[in-house]
**Q** 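Before anything else, here's the structure in question.
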Amino acid sequence: MVQPTFRPFMFTLDKHVLQVMRAKESDIANLLFLETKTYEGRTPWAAEIFQLELQKKDSLYLVVYHKTALIAVIGMRLNLVEAHITNLAVDPAWQKKGLGTYLMQLMIDYARKLGCHSISLEVRIDNEVAKKLYQGLGFTVNFVRPNYYQDLHKDGLNMVLTLAPDDKESD
């Protein structure tokens with residue numbers, strides 16, 4: 001697959017202007033800081049992992065900035081038939097405002113336009129907030145990945161959403 005293209009844009013959420021753009025290596029320090037805020041001081045992904053992911057030709061990582069502060073990230077890998085959400089983190093101060101749902105819907109629409117048949121992700125089995133978000137978007141549990149989150153000794157749920165073709169794109 002050719003590297004996905006993405007045009008940066010701005011939108012308003014809760015009377016704040018936010019900028020969405022493709023993540024770049026210069027964002028990595030901000031991404032690690034976002035992780036520490038989101039994951040109670042932990043950084044599940046090291047700088048090297050972000051660097052490798054950002055270099056992959058089949059990946060699309062988007063960051064959301066409010067002024068100069070990075071407040072969210074979402075990542076996705078794509079192939080010709082399926083997409084996989086690899087990462088979603090929203091600054092705790094920006095949670096429960098619809099930003100996670102907005103980013104997920106953005107990626108779902110993007111994958112649909114590329115002709116992907118499904119989109120999958122992993123979520124910690126005890127992360128009720130995230131599971132509710134994904135289920136609200138139509139994701140269903142596919143199977144359990146035992147000890148997927150090894151550092152926390154927690155199982156992961158593989159969830160999947162079947163994508164219907166984008167009728168707006170057809171002639």
**Q** Of the non-hydrogen atoms in Leu34 and Ala89, which two are nearest, and what is the gap between them?
**A**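 Heavy atoms of Leu34 and Ala89 come nearest at CD2-O, 3.9 Å.
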**Q** Measure across Leu163 and Ala111 and return the closest heavy-atom pair with its distance rounded to 0.1 Å.
**A**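 Reported closest heavy-atom pair: CD1-CB, 3.9 Å.
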**Q** Run the numbers on Tyr65 and Asn30 for side chain to side chain contact (heavy atoms under 4.5 Å, CB included), then give the verdict.
**A** CA-CA 10 Å; Tyr65 277 89; Asn30 289 333; 3.1 Å; yes
**Q** Taking only residues at least two apart or on different chains, which pairs with a member in residues 59-73 satisfy salt bridge (charged side-chain N to carboxylate O under 4.0 Å, His left out)?
**A** none
**Q** Hey, are the side chains of Phe50 and Asp27 touching, using non-hydrogen atoms and a 4.5 Å cut-off?
**A**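 No, every pair of side-chain atoms sits at 4.5 Å or beyond.
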**Q** Any non-hydrogen side-chain atom of Leu31 less than 4.5 Å from a side-chain atom of Leu70?
**A** yes
**Q** Got a sec, which residues hit salt bridge (charged side-chain N to carboxylate O under 4.0 Å, His left out) with Glu35, two or more places apart in sequence or on another chain?
**A**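 Result, salt bridge (charged side-chain N to carboxylate O under 4.0 Å, His left out) vs Glu35: none returned.
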**Q** Taking all non-hydrogen atoms of both residues into account, name the closest pair between Asp155 and Pro146 and its distance.
**A**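 Result for this residue pair: OD1-CA, 3.3 Å.
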**Q** Quick one: side-chain contact (heavy atoms from CB on, under 4.5 Å) partners of Pro92, sequence neighbours excluded?
**A**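 Pro92 satisfies side-chain contact (heavy atoms from CB on, under 4.5 Å) with Lys37, Thr38, Gln95 once adjacent residues are dropped.
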**Q** Heavy-atom distance under 4.5 Å between the side chains of Leu78 and Cys116, does that happen here?
**A**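 Touching, per the 4.5 Å side-chain cut-off.
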**Q** Looking only at atom types and distance, does a side-chain atom of Asn79 sit under 3.5 Å from a main-chain N or O of Glu82, one as donor and one as acceptor?
**A** yes
**Q** Would you say the side chain of Phe9 lies within less than 4.5 Å of the side chain of Leu18, judging by non-hydrogen atoms?
**A**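 With C-beta onward as the side chain, the pair stays apart.
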**Q** Given Met104 and Ile85, is the side chain to side chain contact (heavy atoms under 4.5 Å, CB included) satisfied, shown in steps?
**A** CA-CA 9 Å; Met104 284 295 299; Ile85 300 291; 4.1 Å; yes
**Q** Name all residues meeting the side-chain contact (heavy atoms from CB on, under 4.5 Å) criterion together with Asn127; count only those two or more places apart in sequence or in a different chain, and write none if there are none.
**A**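 Only Val123, Arg124, Val129, Ala130 meet the side-chain contact (heavy atoms from CB on, under 4.5 Å) criterion with Asn127.
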**Q** With sequence neighbours left out, what residues match Tyr102 under ring-ring contact (aromatic ring centres under 6.0 Å, His included)?
**A**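 If we apply the ring-ring contact (aromatic ring centres under 6.0 Å, His included) test to Tyr102, skipping adjacent residues, the hits are Phe11.
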**Q** The criterion is ring-ring contact (aromatic ring centres under 6.0 Å, His included); which residues satisfy it with His84, sequence neighbours excluded?
**A**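 In terms of ring-ring contact (aromatic ring centres under 6.0 Å, His included), with neighbours along the sequence ignored, His84 is linked to no residue.
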**Q** Tell me every residue that passes side-chain contact (heavy atoms from CB on, under 4.5 Å) with Asn158, counting only those two or more places apart in sequence or in another chain.
**A**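 Result, side-chain contact (heavy atoms from CB on, under 4.5 Å) vs Asn158: Ser120, Glu122, Asn142, Phe143, Arg145.
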**Q** List the steps and the verdict of side chain to side chain contact (heavy atoms under 4.5 Å, CB included) for Leu103 and Val64.
**A** CA-CA 9 Å; Leu103 292 173; Val64 180; 3.7 Å; yes
**Q** To the closest 0.5 Å, what do you measure between OG1 (Thr86) and CD1 (Ile74)?
**A** 8.5 Å
**Q** Decide if atom CZ of Phe33 counts as having more than 12 heavy atoms of other residues, nucleotides or ligands within a radius under 6.0 Å.
**A** no
**Q** Quick one: which residue pairs count as a side chain to side chain donor-acceptor pair (under 3.5 Å) with a foot in residues 129-141, not counting sequence neighbours?
**A**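 As it turns out, the side chain to side chain donor-acceptor pair (under 3.5 Å) pairs with a partner in residues 129-141, which skip direct neighbours, are Glu128-Lys131.
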**Q** Answer whether the closest heavy-atom distance between the side chains of Ile119 and Val160 falls below 4.5 Å.
**A** no
**Q** Just wondering, do Lys57 and Pro4 contact through their side chains at under 4.5 Å, heavy atoms?
**A** no
**Q** Could you list all the side chain to side chain donor-acceptor pair (under 3.5 Å) pairs where at least one residue sits in residues 45-54, not counting sequence neighbours?
**A** Glu25-Gln51, Glu53-Lys56, Glu53-Tyr61, Glu53-Arg77
**Q** As a quick check of understanding, evaluate side chain to side chain contact (heavy atoms under 4.5 Å, CB included) for Ile108 and Leu161, giving each step before the final call.
**A** CA-CA 9 Å; Ile108 291 167; Leu161 173 67; 3.7 Å; yes
**Q** Residues in ring-ring contact (aromatic ring centres under 6.0 Å, His included) with His117, at least two apart?
**A** none
**Q** Nearest heavy-atom pair of Met107 and Leu60: which atoms, and what distance?
**A** CE-O, 3.4 Å
**Q** Would you name the heavy atoms of Gly100 and Leu88 that are closest together and state the gap between them?
**A** O-CD2, 4.4 Å
**Q** Between Asp14 (side chain) and His16 (backbone), is there a donor-acceptor pair under 3.5 Å?
**A** no
**Q** Hey, are the side chains of Asp126 and Lys154 touching, using non-hydrogen atoms and a 4.5 Å cut-off?
**A**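 Yes, side chains in contact.
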**Q** By side-chain contact (heavy atoms from CB on, under 4.5 Å), which residues pair with Ala47, not counting sequence neighbours?
**A**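 Checked Ala47 against side-chain contact (heavy atoms from CB on, under 4.5 Å); matches are Ile28, Leu32.
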**Q** CG of Leu80 to CG of Asp58: how many Å apart, nearest 0.5 Å?
**A** 10.5 Å
**Q** Give the other cluster members for Val17, using side-chain heavy-atom distances under 4.5 Å between Ile, Leu, Val, Met, Phe, Trp and Tyr residues; answer none if it is isolated.
**A** Met10
**Q** Any chance you could measure Leu62, atom CG, to Asn87, atom CG, to the nearest 0.5 Å?
**A**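 Going from the CG atom of Leu62 to the CG atom of Asn87 covers 11.5 Å.
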